2 protein chains.
Amino acid sequence: MGQSEDRLRRLLEDELEECCEADVEHRMGELEQVADRADRVVHTDTAVLGVLSNETRLLLVRALDTAGRELCVCELEALADVSESAVSHALSDLANVGLVTREKRGKWRYYNATERATAILSTLDETRPRGENA
Amino acid sequence: MGQSEDRLRRLLEDELEECCEADVEHRMGELEQVADRADRVVHTDTAVLGVLSNETRLLLVRALDTAGRELCVCELEALADVSESAVSHALSDLANVGLVTREKRGKWRYYNATERATAILSTLDETRPRGENA
DNA sequence: CAAACATATGAATAGCTCTTCAACTATCAT
DNA sequence: ATGATAGTTGAAGAGCTATTCATATGTTTG
């Protein structure tokens, strides 16, 4: 923290005109609190976001969400332009982080988007910049 | 589509007991519609999610969001455990996909989380499974 | 139970990504 | 202008990831 503390002190001198040691300490403390809170969830969140950040996987959740009903693996395979195996891997990954659920019925396996997945997709839709889709 | 159409037909035979050619056609059409809608936004969305799915970058947006005010690069550097350069790259990536804004004042550069970023983080928080954080 | 079918899993590799180092631009003070 | 400071950028390599092929598992049908 030594070097970065120096720079932070100079920043505060610029921002606050006059600033004493207490100001620096206070600001450093504030930052540490911010860091602590942020750190706590970042690791698990990157796992979820990492799974969603792949075209094959995102397409599959989107399809489940758009369909609004459970879809069989063979239906999903018809949508994605990759191998059967890739779809299976993708669905496993999605299930592992809680973005889809699976249910087995006979020899068919059905998947559904979870509430979490639906919520994330909605947020993306609702906040999408103008002119970024159709 | 040939092979996957066969399997889809067998699925429908299972699900609907009796099913005629029209049923298959209908279901295939439904799927194509689902695929079209899904496809449209998947590409741009993976870009955003890909940027968020890295610990360094997610930590930085989280910090900006938690702080609730603009932060200077030197403040952000104090939070992330990587090089100055890595932080700069991370912030650029975030800015490029519209998750943070930048403003230059004097020799300091200030970043802020966008509404979109804030919305996504909120959704993650609100839908986080029990016991996955503190 | 043997064969066909639906899906999952493991290993392997090609391609992408993250971080770092080094060099660069821009701003301010002297 | 010179030097110091704040931040950015490009290149490069180690490491991660996505897809595929081959194989395995579980399920229904003859």
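Order of the sequence lines fixes the chain letters, A, B, ..., with proteins taken first and strands second; residue numbering starts at 1 for each chain. Note that the coordinates shown come from a computational prediction; the quantities given were computed from them, not determined experimentally.
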Does a side-chain N or O from A:R109 land closer than 4.0 Å to OP1 or OP2 of C:dA8, or not?
yes
Mind checking A:Y111 for me? I need base, sugar-phosphate or nothing, with any heavy atom below 4.0 Å counting as a touch.
sugar-phosphate
NZ or CZ of B:R102 within 45° of B:Y110 ring axis and under 6.0 Å
no
Side-chain-base donor-acceptor pair under 3.5 Å for B:S83 and C:dC21:
no
Closest listed nucleotide, where the reference is the side chain of A:W108 and the choices are C:dT9, C:dA6, D:dA18
C:dA6
Does A:K104 make a side-chain N or O approach to OP1 or OP2 of D:dT27 shorter than 4.0 Å?
yes
D:dG7 base / B:H89 side chain donor-acceptor hit below 3.5 Å:
no
Please tell me which of the listed nucleotides, D:dG7, D:dA6, C:dT19, lies nearest to the side chain of B:V73?
D:dG7
Between D:dT5, D:dG7, C:dT7, which nucleotide has the shortest distance from any of its atoms to the side chain of A:C74?
C:dT7
In whole Å, I'd like the distance from the CG atom of A:L60 to the C1' atom of C:dT7.
14 Å
Give A:R105 one of three labels, base, sugar-phosphate or nothing, depending on what nucleic acid heavy atoms sit under 4.0 Å from its own.
nothing
If you only use heavy atoms from C-beta on, which nucleotide in C:dT7, D:dT9, D:dT20 is closest to the side chain of B:S88?
D:dT9
Is a side-chain N or O of B:T127 found less than 3.5 angstrom from the main chain of A:R116, in a donor-acceptor match?
no
Please confirm whether the shortest side-chain N or O distance from B:R10 to OP1 or OP2 of C:dA6 is below 4.0 Å.
yes
Looking only at side-chain N and O atoms, does B:N112 offer a donor or acceptor that is under 3.5 Å from a partner on B:T101?
no
In short, B:A38 meets A:R62 closest at the heavy-atom pair CB-CB, 3.6 Å
Candidate nucleotides C:dT7, D:dT5, D:dT9, ranked by approach to the side chain of B:S92 - the nearest
D:dT9
Would you check if the side chain of B:S53 reaches a backbone N or O of A:T46 as a donor-acceptor pair within less than 3.5 Å?
no
Choose from D:dT19, C:dA6, C:dT19 the nucleotide whose nearest atom is closest to any side-chain atom of B:V82.
C:dT19
Output yes when at least one side-chain N/O atom of A:S85 is less than 4.0 Å from OP1 or OP2 of C:dA8, else no.
no
May I ask you to evaluate whether A:R57 reaches the phosphate of D:dA18, defined as a side-chain N or O under 4.0 Å from OP1 or OP2?
yes
